[in-house]
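Written below as structure tokens is the structure these notes are about.
Order of the sequence lines fixes the chain letters, A, B, ..., with proteins taken first and strands second; residue numbering starts at 1 for each chain.
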Amino acid sequence: AQSVTQLGSHVSVSEGALVLLRCNYSSSVPPYLFWYVQYPNQGLQLLLKYTSAATLVKGINGFEAEFKKSETSFHLTKPSAHMSDAAEYFCAVMPAGGTSYGKLTFGQGTILTVHP
Amino acid sequence: EPEVTQTPSHQVTQMGQEVILRCVPISNHLYFYWYRQILGQKVEFLVSFYNNEISEKSEIFDDQFSVERPDGSNFTLKIRSTKLEDSAMYFCASSKTSGTSWNEQFFGPGTRLTVL
């Protein structure tokens with residue numbers, strides 16, 4: 001069984017400040033990990049993914065995330081927030097192989113607000 | 001850029017009525033998925049579909065739900081007799097392949113279903 005916990009349903013930062021969105025996972029098999037972003041009235045868009053290569057993963061729009069197996073974490077960061085980063089962010093996990101490949105298990109989402 | 005489309009964007013129905021949610025996946029994709037998000041809750045996996053049959057389904061996907069690929073382009077989710085608790089945002093997704101190598105799932109913008 002897999003699960004994802006995102007700490008903080010709402011995060012608010014000032015423009016130019018560091019963005020840190022937290023994600024912890026539980027998985028009985030080695031996972032693939034993802035961050036998705038959802039802008040209003042749009043679908044989920046993949047920001048970045050960890051699929052057992054480099055543990056520090058860079059994505060679109062300046063975001064990156066680090067897979068830490070010892071902490072079962074995959075936190076999303078961006079050094080300097082921009083107003084256009086305001087959106088809802090979802091962490092998700094997928095088992096790497098096995099019978100459930102393809103099925104994403106999502107966290108509850110974190111709404112990021114960016115203040116001028 | 002190819003994208004997944006969904007219609008309608010918002011569907012209002014009376015309890016007990018049948019609804020069909022429609023999706024047009026990306027044309028060269030082979031795996032199709034439905035997810036849903038009840039307001040304030042996590043995005044949940046419903047079903048995956050490949051080669052004209054269900055690959056996996058969640059416990060949410062009971063006999064009231066069915067999926068179909070009626071032609072070469074559409075992928076539909078039918079709810080036979082809607083309940084109030086079926087009110088949610090329903091997302092369709094597609095990917096090129098699943099299997100042991102990961103392929104990105106591309107999501108549509110969602111259909112908001114409201115059951116009165």
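- Distance check: A/Tyr36 OH to B/Glu104 CD gives 6.0 Å after rounding to the nearest 0.5 Å.
- For B/Tyr35, the part lying under 4.5 angstrom from a heavy atom of chain A is the side chain only.
- Hydrophobic clustering places B/Leu84 together with B/Leu21 (ILVMFWY residues linked when any side-chain heavy atoms are closer than 4.5 Å, directly or through intermediates).
- Only the side chain of B/Gln37 comes within less than 4.5 Å of a heavy atom in chain A; its backbone stays farther off.
- Proximity to chain B is limited to the side chain of A/Gln38, based on heavy atoms less than 4.5 angstrom apart.
- Considering only residues two or more places apart in sequence or on other chains, B/Asp71 meets the side chain to side chain donor-acceptor pair (under 3.5 Å) condition with B/Ser73, B/Asn74.
- Placement of B/Ile20 and B/Phe75 in two distinct hydrophobic clusters is found when ILVMFWY residues are connected by side-chain heavy-atom separations under 4.5 Å, directly or transitively.
- For the atom pair CG (A/Leu104) and CZ (B/Phe107), the distance works out to 5.5 Å, reported to the nearest 0.5 Å.
- For the atom pair NZ (B/Lys42) and CD (A/Gln6), the distance works out to 8.5 Å, reported to the nearest 0.5 Å.
- Side-chain contact between A/Met94 and B/Phe45: absent, with no pair of heavy atoms (C-beta onward) separated by less than 4.5 Å.
- Under a hydrophobic clustering in which Ile, Leu, Val, Met, Phe, Trp and Tyr are joined whenever their side-chain heavy atoms come within less than 4.5 Å, directly or via other members, A/Val4 and A/Phe63 fall into the same cluster.
- Residue B/Phe65 is not grouped with residue B/Met89 when hydrophobic side chains (ILVMFWY) are merged at heavy-atom distances under 4.5 angstrom, including chains of intermediate members.
- Cluster membership check: A/Tyr25 does not share its hydrophobic cluster with A/Phe34, using side-chain heavy-atom separations under 4.5 Å among Ile, Leu, Val, Met, Phe, Trp and Tyr.
- Here A/Lys103 contributes atom NZ and B/Ser58 contributes atom OG; the two are 7.0 Å apart, rounded to the nearest 0.5 Å.
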